[in-house]
Every structure is written in structure tokens, then in C-alpha cells.
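Pasting a structure below so you can have a look.
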Amino acid sequence: MTSSSSPARVQLTTDRLILRSWTMAEAAAVLDGTRSAHWADDFPAEGDRVVAGLFGQFPDWLGEHGHRLIIERCSGLVVGSIGLFWPPSEGILEIGYGIVASRRGRGYAPEATRALAEFALTAPGVHTVFANVELSNPASVRVLEKAGFHRWATEDDNMAAFGITKTGHHER
């Protein structure tokens, strides 16, 4: 993974993906239904619309440690989004992700999740990244496991928390 930075943005690049911050114009296009030639045919998904609608309420999500579009390097198309729910609480930061249906099963979600979690663990004061997942969604559980997350706890019969912790920090 490599990163290149500008004053306000860090772009993460993996073998097959680019993770870059949303722009307000992209969020507006998602919300008003405007199509972009740079989007996969099935982007945005419902989760992308929800996140785009929350940027006004949570402006930090557009910052360096916020939400990003997932871009397939081979096509240049946006194929999903991933984000950190900034700011952290007591050193713990939540992550969420989604890949459009046409690109699922290619390993993009674990690749993006691993890259963003590794980046998040370099942020001051962050020692753990976690995700809550419905156990009825085994594909999402596999994403987290492939990205190096470990199961912490089962909240109830249907929810579990998975996390990854900075080397040298004890898990909760």
C-alpha cells in the first residue's frame, strides 16, 4: 500500500484499488441521482446514499481519516465506498464498507478494509479499528477475517464485533 498526500487528503493505493476521499460534488450527485461516467453501473448502493446524506452532519467524515470512494484501478470506476466514523472514542474507531454487487467476490472489500484499517492505526490516539457485523451476513464476516480482524464479542444472537489492534496494544 502506498499513500500520497496533499494538504487535506491522503489517497491510499493497493494492488487493485484506489481509496480517495469523497468530494461534496460527488456526495451531491449521489443524493440527487446524477450519474457519473466514472461510476460502476450499480454505484451508488443504498449505503453510499446514506453516508453521502450524513456528510453535512459529520463534516469530519470528509477529512483525512473519514470516508472514501473505492476505485477499481483497472477500470477507473467507483465500485463502492469505505469509511472511518471519525472521531475515535477512547482510541477506538469504527469502520464500514460496501462494494457494489457487480464487483463482489473479487476480494476488493478485504483489500480496501485492510488498507484503511492500517492507515487508521497510524492516526494519533487510535489503537483499535472495529466493525459490527450481522452474523446472518457471512460474507461480511469473511471480509473482516480476511482483512485481519478478530472476533471480540457477540452482542446478541445476530451481532458480533470484530477488531484489529495496533501492534503492542492489548485488545479489549
Side-chain angles (χ1 to χ4, degrees), residues 1-14 17-34 36 38-40 43-72 77-100 108-134 140 143-144 147-150 152-153 155 159-169 171-172:
M1 173 186 65
T2 62
S3 63
S4 61
S5 62
S6 65
R9 304 203 186 275
V10 173
Q11 177 174 288
L12 303 176
T13 303
T14 68
L17 304 170
I18 295 169
L19 310 178
R20 71 154 175 80
S21 298
W22 287 70
T23 66
M24 282 306 294
E26 289 164 331
V30 163
L31 293 173
D32 70 19
T34 303
S36 169
H38 302 289
W39 295 351
F43 181 85
E46 183 56 31
D48 304 309
R49 288 183 196 89
V50 170
V51 167
L54 291 171
F55 288 144
Q57 186 178 351
F58 299 100
D60 287 347
W61 290 6
L62 288 169
E64 180 180 7
H65 294 98
H67 286 260
R68 294 158 186 271
L69 294 171
I70 300 172
I71 301 163
E72 186 177 56
L77 297 176
V78 175
V79 298
S81 65
I82 188 166
L84 300 167
F85 296 92
W86 196 263
S89 174
E90 298 178 16
I92 300 172
L93 190 55
E94 186 174 4
I95 193 169
Y97 50 86
I99 301 291
V100 295
Y108 289 171
E111 186 174 328
T113 301
R114 184 178 321 104
L116 192 56
E118 287 173 0
F119 175 71
L121 291 173
T122 68
V126 175
H127 58 74
T128 302
V129 177
F130 83 97
N132 286 316
V133 63
E134 293 181 8
S140 197
V143 164
L144 294 168
F149 284 59
H150 303 284
W152 281 345
E155 310 271 324
M159 294 295 292
F162 285 75
I164 189 166
T165 303
K166 188 180 291 189
T167 303
H169 189 87
E171 291 187 25
R172 65 181 221 190

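These values consider heavy atoms only, across backbone and side chains, with no hydrogens, waters or symmetry-generated copies.
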- Query: Is Arg114 close enough and on-axis enough to Phe149, meaning under 6.0 Å and within 45°, for cation-pi?
  - Reply: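 Not satisfied by the 6.0 Å and 45° rule.
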- Task: Taking all heavy atoms of Val100 and all of Ala40, pick out the closest pair and write down the distance.
- Result: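 Val100 and Ala40 have their closest heavy atoms at CG2-CB, 4.2 Å.
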For a quick test of your reading: what N or O donor-acceptor pairs under 3.5 Å do the side chains of residues 24-32 make, sequence neighbours left out?
residue: Glu26; atom: OE1; partner: Arg20; partner atom: NH1; Å: 3.1
residue: Glu26; atom: OE1; partner: Thr23; partner atom: N; Å: 2.9
residue: Glu26; atom: OE1; partner: Thr23; partner atom: OG1; Å: 3.2
residue: Glu26; atom: OE2; partner: Arg20; partner atom: NH1; Å: 3.2
residue: Glu26; atom: OE2; partner: Arg20; partner atom: NH2; Å: 2.5
residue: Asp32; atom: OD1; partner: Thr34; partner atom: N; Å: 2.9
residue: Asp32; atom: OD1; partner: Thr34; partner atom: OG1; Å: 2.5

- Message: Tell me the closest heavy-atom pair linking Ile164 and Ala117, and the distance in Å.
- Response: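 Smallest interatomic distance, heavy atoms only, reads CG2-CB, 4.0 Å.
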- Task: With rounding to the nearest 0.5 Å, note down the distance linking CZ in Phe130 to CZ in Phe162.
- Result: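 Phe130 atom CZ to Phe162 atom CZ measures 13.0 Å (nearest 0.5 Å).
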- Partners of Ser81 by side-chain hydrogen bond (donor to acceptor under 3.5 Å, both in side chains), sequence neighbours excluded?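 Listed in chain order: Asp48.
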- For the pair Thr13 and Leu17, evaluate side-chain contact (heavy atoms from CB on, under 4.5 Å) and give the outcome as yes or no after the intermediate values. CA-CA 6 Å; Thr13 303; Leu17 304 170; over 6 Å; no
- Task: Might you point out which heavy atoms bring Gly63 and Ser21 nearest each other, and give the distance in Å?
- Result: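 Closest heavy-atom pair between Gly63 and Ser21: O-OG, 3.9 Å.
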- Considering all heavy atoms of both residues, which atom of His65 and which atom of Leu84 are nearest to each other, and what is their separation?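 Closest pair (atom of His65, atom of Leu84, distance): O-CB, 3.2 Å.
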- Item | Non-hydrogen atoms of Asn132 and Ala161 that approach each other most closely |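 Residues Asn132 and Ala161, closest heavy atoms: OD1-CB, 3.5 Å.
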- Message: Please list all pairs meeting side-chain hydrogen bond (donor to acceptor under 3.5 Å, both in side chains) that have one or both residues in residues 50-63, counting only residues at least two apart or in different chains.
- Response: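 Residue pairs passing side-chain hydrogen bond (donor to acceptor under 3.5 Å, both in side chains), neighbours aside: none found.
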- Test side-chain contact (heavy atoms from CB on, under 4.5 Å) applied to Val78 - qualifying residues, sequence neighbours left out: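 With neighbours one apart ignored, the set is Trp39, Phe43, Leu69, Ile71.
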- Message: Check whether Lys166 reaches the backbone of Thr128 with its side chain - one donor and one acceptor, N or O, closer than 3.5 Å.
- Response: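 No, the answer is negative, given that no donor and acceptor are paired below the 3.5 Å cut-off.
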- Non-hydrogen atoms of Ala120 and Val129 that approach each other most closely: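 In terms of heavy atoms, the two residues are closest at CB-CG2, 3.7 Å.
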- Task: Working to the nearest 0.5 Å, report the span between CG of Leu12 and CD1 of Ile18.
- Result: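 It comes to 10.5 Å.
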- Message: Nearest 0.5 Å, please: how far is CG in Leu62 from CZ in Arg68?
- Response: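 Between Arg68 CZ and Leu62 CG, I get 11.0 Å after rounding to 0.5 Å.
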Donor-acceptor contacts under 3.5 Å from residues 86-99 side chains, at least two apart:
residue: Tyr97; atom: OH; partner: Ser140; partner atom: O; Å: 3.2
residue: Tyr97; atom: OH; partner: Ser140; partner atom: OG; Å: 2.7

- Atom OG1 of Thr14 and atom CG of Leu116: how far apart are they, to the nearest 0.5 Å?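 Separation between the atoms: 11.5 Å.
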